Amino acid sequence: MSASYNVEAQVHMELKDKITHKAYAYRVKVLVLDDDLSFEINGMVVFPPSDKKPDWTVYTPTVGKARIIGFNTKETSQKSLLWPDIQAACISATQEHLRHEKLDIPF
């Protein structure tokens with residue numbers, strides 16, 4: 001049996017290439033809203049699939065070059081299910097942001 005966490009995410013900033021001004025990644029805020037575990041992570045970074053990486057990629061925040069939050073992603077027990085829930089929420093929020101962005105483009 002697998003536990004699932006109540007995780008919400010929202011895109012709050014596009015990270016844009018300085019030359020092309022096109023977004024290449026998205027900064028996301030994550031809220032974990034469980035009764036016994038409630039916290040916020042601001043600064044998750046989500047990369048959509050690209051030529052370089054064919055899959056969605058989610059990174060935890062950094063300060064300088066140091067990653068300030070980490071998850072044991074190799075553990076297979078129920079305790080490690082928070083990271084997949086956070087990943088899924090970040091990807092879903094970014095996909096929704098991109099859908100809305102596409103709808104706002106005039107034809």
Side-chain angles (χ1 to χ4, degrees):
M1 180 175 190
S2 64
S4 187
Y5 293 90
N6 183 10
V7 179
E8 294 180 7
Q10 120 185 51
V11 172
H12 68 90
M13 177 196 266
E14 294 180 342
L15 302 177
K16 295 184 178 184
D17 183 275
K18 291 179 182 176
I19 297 170
T20 65
H21 304 288
K22 289 186 178 183
Y24 63 88
Y26 300 86
R27 181 162 275 155
V28 175
K29 182 188 334 186
V30 172
L31 301 166
V32 178
L33 302 169
D34 282 37
D35 291 337
D36 59 343
L37 180 68
S38 181
F39 62 92
E40 175 181 314
I41 303 171
N42 195 355
M44 301 291 289
V45 179
V46 179
F47 291 87
S50 67
D51 294 339
K52 294 178 183 178
K53 289 188 175 184
D55 297 320
W56 287 88
T57 306
V58 179
Y59 290 110
T60 57
T62 59
V63 173
K65 293 184 180 183
R67 201 150 298 284
I68 57 173
I69 296 172
F71 292 88
N72 183 358
T73 59
K74 295 178 182 168
E75 183 66 38
T76 58
S77 71
Q78 286 186 343
K79 294 177 186 175
S80 70
L81 295 178
L82 180 56
W83 174 244
D85 287 349
I86 288 174
Q87 256 182 325
C90 287
I91 291 169
S92 179
T94 305
Q95 289 170 332
E96 187 65 21
H97 174 81
L98 291 171
R99 276 193 288 278
H100 283 278
E101 191 176 77
K102 215 174 208 179
L103 293 173
D104 289 342
I105 297 173
F107 291 96

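This is a predicted model, so every value here is computed, not measured. Atom set for the values below is all heavy atoms of this structure, side chains included, hydrogens, waters and symmetry mates excluded.
Cluster annotation: Ile68 and Met13 are assigned to distinct hydrophobic clusters (Ile/Leu/Val/Met/Phe/Trp/Tyr, side-chain heavy-atom contacts under 4.5 Å, transitive). Note: the hydrophobic cluster containing Val63 does not contain Leu15 (ILVMFWY, side chain heavy atoms under 4.5 Å, direct or indirect links). Leu82 and Val45 fall into different hydrophobic clusters, where Ile, Leu, Val, Met, Phe, Trp and Tyr residues are linked whenever their side-chain heavy atoms come under 4.5 Å apart, directly or through other members. Placement of Phe71 and Trp56 within a single hydrophobic cluster is found when ILVMFWY residues are connected by side-chain heavy-atom separations under 4.5 Å, directly or transitively.
Between atom NZ of residue Lys29 and atom CD of residue Gln10 there is a gap of 5.5 Å, rounded to the nearest 0.5 Å.
Of the possible donor and acceptor atoms, one in the side chain of Asp85 sits under 3.5 Å from a partner among the backbone N and O of Tyr5. No donor-acceptor pair under 3.5 Å is formed between the side chain of Thr62 and the backbone N or O of Lys65.
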Would you tabulate the side-chain donor-acceptor contacts of residues 31-41 under 3.5 Å, counting partners in other chains and residues two or more places apart, or write 'none'?
from  : atom 1 : to   : atom 2 : distance (Å)
Asp34 : OD1    : Asn6 : N      : 2.7

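When all heavy atoms of Glu8 and Ala89 are compared, the closest pair comes out as C-CB, 4.5 Å. Across every non-hydrogen atom of Gly43 and His12, the tightest pair is N-NE2, 4.4 Å. The two residues Pro49 and Pro54 come nearest to each other via the heavy atoms CB-O, 3.3 Å. The minimum heavy-atom distance linking Asp17 with Thr20 is given by the pair OD1-N, 2.8 Å. The two residues Arg99 and Glu96 make their nearest non-hydrogen contact at NH2-OE1, 2.7 Å. Minimum heavy-atom separation, His97 to Glu14: NE2-OE2, 3.2 Å.
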Worked check of side chain to side chain contact (heavy atoms under 4.5 Å, CB included) between Arg27 and Val11: CA-CA 6 Å; Arg27 181 162 275 155; Val11 172; over 6 Å; no
Given the rule in the side chain to side chain contact (heavy atoms under 4.5 Å, CB included) test, do Ile69 and Met44 qualify, once you have shown the distances and angles that lead to the verdict? CA-CA 10 Å; Ile69 296 172; Met44 301 291 289; 6.0 Å; no
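A search for ring pair (Phe, Tyr, Trp, His ring centres under 6.0 Å) contacts involving Tyr59 returns Phe47, not counting sequence neighbours.
Residues Tyr26 and Cys90 are not in side-chain contact: their nearest non-hydrogen atoms beyond the backbone lie 4.5 Å or more apart.
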